[in-house]
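What follows is a single structure, written as structure tokens, with notes after it.
Bear in mind that the values here come from a model prediction, so they are computed numbers and not experimental data. Start at 1 and go down the list; that is how both ligands and their atoms are numbered.
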Amino acid sequence: MLTAFSRAEVYTPRSPHKNQYYRCVEAHFEELEGTWEDRYQKEYGYWRPYVLDIIYKYLDCGDLYLGFARVKCDDCNHEYLLPFSCKRRHFCPSCHQKRVVEFGEFLCGEVLKQVPHRQWVFSIPKRLRLYFMYDRSLLAKLSRCAWKVLSVYLKQGVSLDDPKPGAVIAVQTFGDFLNSNPHLHIIATDGCFDQDDGLWLGPYRTLQSLEGLFRLEVFNMLKKEGKITDLIIENMMGWHHSGFNVYCGESIWPSDQERIEKLAQYIVRAPIAQERLLYIPASESNDGVARVIYKGKNSGVRETFVALDWLACLVTHIPNRGEQHVRYYGYYSNKSRGMRKKTEIDNQVPSLVNSDISKKAFRRNWVRLIQKVYHADPLLCPKCNGCMRIISFIKDEETIKKILLHLDLWMPGNHDPPNLYQEHQYIPAPKPSGPSYDITHDDSIFQMPYEDEYSQLTPYEDCI
Ligand SMILES: [Zn+2]
Ligand SMILES: [Zn+2]
């Protein structure tokens, strides 16, 4: 059987294990754990062992030694090996980006209806941000506070008996340079549904009242949680600028599907974009201290950080195991969606995008995702343009070793086999320019999810 591999090649457009982000993480994660207590605990709280788990998984992501799929062309017998991915969101830019695309499709195909929507952003003053870093369970409560005031606001704009607005709220904890900035990105219906599922657009007034109400809700919540006292509230109520902010975007009509899908992707984006990062290892730095230069997304400004400090800041944004980042409310809540599905009236108002792919196929359709993220087709034979297919998944350690040995790709003790990445068989087409949102396209390897990756993830909303 192994003779079939004589022409096998590794499917990889670039060198994932050599990119700047990877090198930075690899060079400093051990020191980070070792010095956390002394250097960072005071500022960022206790070290979370889960962080190390995520880092190890990321460093192994796309490593052929840990398993791969064999992809073969029936016409010309060309074959390549496709390594498995770590599937870890937030920290692994490549895996996160696939989730981002998937989430956009899920939201437009399964949740949002064919009605106008608006983007909202709710943010809080610096003075209160630390509480959310030390206690991540508060983020869910922050989301609830925003929904409470936004739903009242949307309901007040229409004269209906039982108005039903709907919203999707995503928590983001990071600012432009990974500074702690917990805020909420919301996609909400631009009005309320009535009993017959018709949407009513309302005359909406000033946002000032919304900001004030949000402030009160957050104060009450933090007081109830024992984080702040009446004295602090009183003091902050006296601030000239409250530090609370509510941003409301313009109405996006259902005909502008692309815009809303981009927005959906944007609200769950990763904390960093690899293409804006430059890593200077200690050996190349003037003073022997490794540095990271990062270009801010919004400001476009470049800032320089000690690499270890930068990494410390980055890991504070890794959510805890199983922590949700996206929540659904009102007409879009899991409960409402479930009830409408049960009574088979959910199609009364069609989804924003008609999704004819079954849920299971949708989740397993990695080829489609890769096409969407990289604008390239991993099953198009680079030799003859024929159709390639996966002929097997290799997970067994012995078989992995046998195959890699046979291909002369086995290097004991070296999990970063550099020669794998020199010959590129597959060059993705250039990306189309000018998306309205700056979505991260990472430059890492195309990876293959485990074949049952998505079937294990339920409910879906827990995944992002
Ligand atoms: Zn071929
Ligand atoms: Zn990964």
Does any N, O or S atom of Cys73, backbone or side chain, fall under 2.8 Å from the Zn ion (ligand 1)? yes
May I ask you to check whether His96 brings an N, O or S atom to under 2.8 Å from the Zn ion (ligand 2)? no
Do Tyr279 and His28 have side chains that approach each other closer than 4.5 Å (heavy atoms only, starting at C-beta)? yes
Enter the distance from His96:NE2 to Phe103:CZ here, rounded to the nearest 0.5 Å. 10.0 Å
If you stand at the Zn ion (ligand 1) and look out to SG of Cys381 and SG of Cys384, what angle do those two lines make, to 10°? 110°
Cut-off 3.5 Å, side chains only: do Tyr247 and Ser123 have a donor facing an acceptor? no
For the pair Glu398 and Lys402, find out whether any cationic side-chain nitrogen is under 4.0 Å from an anionic carboxylate oxygen. no
Given SG of Cys95 on one side and SG of Cys61 on the other, what angle do they make at the Zn ion (ligand 2), to 10°? 110°
